[in-house]
Amino acid sequence: MGSERCPEGPLFHGGANAVAHSPSHTIPIVYNPCRLQSKILFRLETVTMHRWSQLFIPTLREAPADAEVASHKLLVRAGYIRQLGAGIYSFLFMGNRSTQKIMGIVREEMDKIGQEFYLPTLHPRDLWEESGRWTVMGENMFRLKDRKGADLCLGMTHEEVMTDIARKELRSYKQLPQIWYQIQTKFRDEPRPKSGLLRVRQFIMKDAYSFDIDAAGLDVSYLKNHDAYCRIFDRCGLKYMVIDAHSGAMGGSKSQEFMVRTPAGEDLIVSCEKCNYAANMEKATSKLDRVENLKPEGDGQPLEVHTPGQKTIEDVARFLGVSTVHTIKTLAMMITAVEPERGKTRIPAKWEPGPVSRAVVLLMRGDHQMNEAKLSTAVAGKETRPMQEEEIRALFHSPAGYLGPLGIDWAKNMDEPGKPILLVDKALEGRANLIGGANKDEYHLKNLTSGKDFHPTAYVDLRSVTAGEACPSCGSPLRIDTAVEIGHIFKLGYKYSESMGARVLDRNGKEVAPIMGSYGIGIERILTAAVEQNNDENGFWLAPSIAPFDVVVVSTNSKDEAIRSASEDVARQLEASGYDVLLDDRDERPGVKFKDADLVGIPFRINVGNKVTEGTVEVVRRSTLQREEVKISVITEYFRGLRQ
RNA sequence: CGGGACGUAGCGCAGCCUGGUAGCGCACUUGCUUGGGGUGCAAGGGGUCGCGAGUUCAAAUCUCGCCGUCCCGACCA
């Protein structure tokens, strides 16, 4: 994992097969041939070739003002998409061709490991009540009522529907394993749609679900999906990474994300410069440099020092003339009793003693940042919030800025009820003579040693790594990048089969719940990520496998008969050889055509110009702008050569 | 949901402060011109100025309300 796949894989994957999908090829023939009569011939003559002059490819010189990220600007400028509302986009001819090709690749690879279904997007409420997610999904779920007043929702994901099929149909271990998938629209009412196609409210997802008799079976299904994903993204020409992901509140099962590095990304990923290590920020760890402890002062017992006005840990360290690595940062949090499964319940703003809330105090090294996802894991997915000053005073008899671990009766373990929990970050394990709060206004303590002066409920990893720290597996520097998630594979375990009552008989005749996995790919995100990865100020370029066309043939002068007919000839030859060809036959100046050709994502361009008198055209590779003169007579052989 | 900004022709923008005939560039139509990196000239078409109230003789412009979109944050199975 972690290593980026080379995008220069085989060219022209799927390009040829996609010809058959082209709508304009087939419509005039399929529809009512007897009524079209001689017009069919005319249509066939003019439409079988994709002529720019007759297509709708509305390119723009300028991007819409509200587009921020490169892919958004360029996909709109290239005439792929138009916005309908916040996070809602229409795909026009070019955009649709590209996503259809992506779906073709996904389908081919998924068919090798599973079976395609097509599930409804309109779901009855009851189904989601069973899994508990009618409430959990909160406002992210689009909800509606039918004419009888019954509640329905638009599917955000399809675990429930798939599990419903499984529980009704699967009876025996002999029917397992199963991998079922579909390519279908998902609806999610995002709080803030943004960045063009990167965060939208309606999108196409390939989602797959596996059912196995046991964990070993799940391992196999999971790996099959993992490998299929690699093939899919390789074929789409993406440079991507597979990273370990935070498995969230659902349990400790394995989960990996397929990520594409881009400044437009919303996720932070940590990866090693040298080895394969890669993880997302919520999961990443690092090796820390060894720190020499301070010498104990006095008799080595905790020692009060007056630190007037020094509230932040940086202030205190500076005031005492030590590095922040010798200090303890104390964070007081409140666990609310609300399970994340219960969803968006408002967390009480005020201190409510009793079983509703529970205090958790975190100790971090002074220069470290707390990672909320790691905290969430540490407290078993329960929601937390910072404690209020009054709460700290009421519970610990300490002013907020001077809280420290001494003199408080901490819980011995996570399950001990009532008492506050003390979680100490692993970076402080074994450290001695640290400086921390004294629970007293304007005083700190020296000589604090964890395990001696105070006893943590647990040592846990709570720290966010920072760039440049040492890789946990090889010690080389780590880097941090933003990235877009294009796929996610997940060992679900028994969550849905248990809650929804899917059961099969195992080979001993015993009733058991099948173990599940779920696997998602964002179709439009593949296109978006590809554009993010391959663009310049003039436009973008896609791999031939996912580009709307393999090649655009530019007739540089449509008034010149030799050039015009030569461009027709070149286009026809290539099309006959199975390439998707766009012939730019518009009566435009060459400059206009070149600009458009560079903009719209087609990987190759053929300029048909004055050299046709010598039987030669110019082939331009969009990614590098490399040019090569090629004899018309060998043009198909030339392109065939590029497949290698 | 908190903070900020914007809404005038398909796209990009000016006009608003200081109320009085709705403008510019690109795109579009027609004609000529040009023909290897968004050619030049000329003549045209296109706008309920986001919606609704209010103030005024008069509102794109001032006031209030609503709607929409974008950005930052919260959130993100």
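Throughout, a chain's letter reflects where its sequence line sits, starting with A, and its residues are numbered from 1.
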* Structure fact -> Residue pairs meeting salt bridge (charged side-chain N to carboxylate O under 4.0 Å, His left out), one or both in residues 526-536 of chain A, sequence neighbours left out, come to A/D536-A/R622
* Go through residues 625-633 of chain A and report each residue with a non-hydrogen atom lying under 4.0 Å from RNA chain B, sorted by number. => A/R627
* Is the distance between the ring centroids of A/Y209 and A/Y496 less than 6.0 Å? -> no
* To do: May I have the distance from A/L75 (atom CG) to B/C11 (atom P), rounded to whole angstrom?
  => 17 Å
* Asked: Expressed as a whole number of Å, how far does the C1' atom of B/G20 sit from that of B/U29?
  -> 33 Å
* Structure fact -> Across every strand shown, the nucleotide meeting Watson-Crick or G-U wobble geometry with B/C6 (both distances under 3.5 Å) is B/G68
* Could you check how far CD1 of A/I57 sits from C1' of B/A27, rounded to whole Å? => 17 Å
* To do: Kindly state which residues belonging to residues 583-596 of chain A come within less than 4.0 angstrom of RNA chain B, counting heavy atoms of the residue only, listed by number.
  => A/D587, A/E588, A/R589, A/P590, A/G591, A/V592, A/F594, A/K595, A/D596
* Asked: Can you tell me how far P of B/G68 sits from CG of A/L84, to the nearest Å?
  -> 13 Å
* **Charged N-O contact under 4.0 Å between A/R627 and A/E618** => yes
* Asked: Think A/R192 has a side-chain N or O under 4.0 angstrom from the OP1 or OP2 of B/C72?
  -> yes
* Name the nucleic acid region contacted by A/T59, choosing base, sugar-phosphate or nothing; use a 4.0 angstrom heavy-atom cut-off, strictly under. => nothing
* **Ring centers of A/Y89, A/H72 separated by less than 6.0 Å** => yes
* Asked: When the P atoms of B/C70 and B/U8 are considered, how many whole Å apart are they?
  -> 14 Å
* Among A/F258, A/Y222, A/F490, A/Y181, find the residue that satisfies the ring pair (Phe, Tyr, Trp, His ring centres under 6.0 Å) test when tested with A/Y229. => A/F258
* Between A/G609 and A/E372, which has a closest nucleotide on RNA chain B that is more 5'? -> A/G609
* Let me know the distance between CE of A/M141 and P of B/C76, rounded to the nearest Å. => 16 Å
* Asked: Over how many whole Å does the gap from A/K73 atom NZ to B/C70 atom P extend?
  -> 15 Å
* B/C62 and B/A14, which share atom name P, separated by this distance in whole Å -> 15 Å
* Using the P atom as the reference point in each nucleotide, state the distance between B/C1 and B/A59 in Å, no decimals. => 34 Å
* Asked: Is any N or O donor-acceptor pair between the side chain of A/D560 and the base of B/G35 shorter than 3.5 Å?
  -> no
* Across the strands shown, which category fits A/A67 at heavy-atom distances under 4.0 angstrom: base, sugar-phosphate, nothing? -> nothing
* Structure fact -> Across all chains, not counting sequence neighbours, the ring-ring contact (aromatic ring centres under 6.0 Å, His included) partners of A/F549 are A/H50
* To do: Let me know the distance between CG of A/D66 and P of B/G12, rounded to the nearest Å.
  => 7 Å
* Of all residues at least two apart in sequence or in a different chain, which pass the ring-ring contact (aromatic ring centres under 6.0 Å, His included) check with A/W180? -> A/F117, A/F211
* To do: Find out whether A/E139 and A/D189 are in side-chain contact, i.e. whether some heavy atom of one side chain is under 4.5 Å from a heavy atom of the other.
  => no
* Please measure how far the P atom in B/U63 lies from the corresponding atom in B/G31, and state the result in whole Å. => 49 Å
* Identify which nucleotide among B/C76, B/G38, B/U34 has an atom closest to any side-chain atom of A/N140, counting heavy atoms from C-beta outward. => B/C76
Please report, to 0.1 Å, the donor-acceptor pairs under 3.5 Å made by any side chain of residues 55-66 of chain A, with sequence neighbours excluded.
residue, atom, partner, partner atom, Å
A/T59, OG1, A/D596, OD1, 3.0

* Asked: A/A65 has a side chain; which of B/C11, B/G36, B/C13 sits nearest to it?
  -> B/C13
* Remember a base hit wins even if backbone is also touched, and classify A/T157 as base, sugar-phosphate or nothing at under 4.0 Å, heavy atoms. => nothing
* Using whole Å, report how far CD1 of A/I81 lies from P of B/C11. => 14 Å
* Asked: To the side chain of A/E618, which of B/C76, B/G36, B/G38 is closest?
  -> B/G36
* Heavy-atom closest contact (A/K73 atom, A/A67 atom, distance) -> CE-O, 3.4 Å
* Tell me which nucleotide among B/U69, B/C72, B/C75 gets nearest to the side chain of A/Q83. => B/U69
* Charged N to carboxylate O under 4.0 angstrom, A/D481 versus A/R261? -> yes
* Integer angstrom distance from the C1' of B/G10 to that of B/C28 -> 9 Å
* Asked: Is any side-chain N or O of A/K194 closer than 4.0 Å to OP1 or OP2 of B/C72?
  -> yes
* Quick one: label A/P191 by what it contacts on the DNA or RNA (base, sugar-phosphate, nothing), any heavy atom closer than 4.0 Å. => base
* Residue whose closest nucleotide on RNA chain B lies nearer the 5' end, A/R605 versus A/L60 -> A/L60
* Structure fact -> Side-chain contact check for A/N607: nearest option of B/G35, B/G38, B/G36 is B/G36
* Asked: Is the shortest side-chain N to carboxylate O distance from A/R51 to A/E568 below 4.0 Å?
  -> yes
* **Nearest-angstrom distance, C1' atom, B/G7 to B/C49** => 10 Å
* To do: Could you tell me the separation between the NZ atom of A/K559 and the C1' atom of B/U39, rounded to a whole number of Å?
  => 13 Å
* Structure fact -> From the candidates B/G38, B/G12, B/C70, the one with an atom nearest any side-chain atom of A/R77 is B/G38
* Structure fact -> For B/A42, the nucleotide meeting Watson-Crick or G-U wobble distances (both under 3.5 Å) is B/U30
* **Who pairs with B/A60 - Watson-Crick or G-U, where each distance is under 3.5 Å** => none
* To do: Take atom P in B/U56 and the same atom in B/U61, then report the distance between them in whole Å.
  => 16 Å
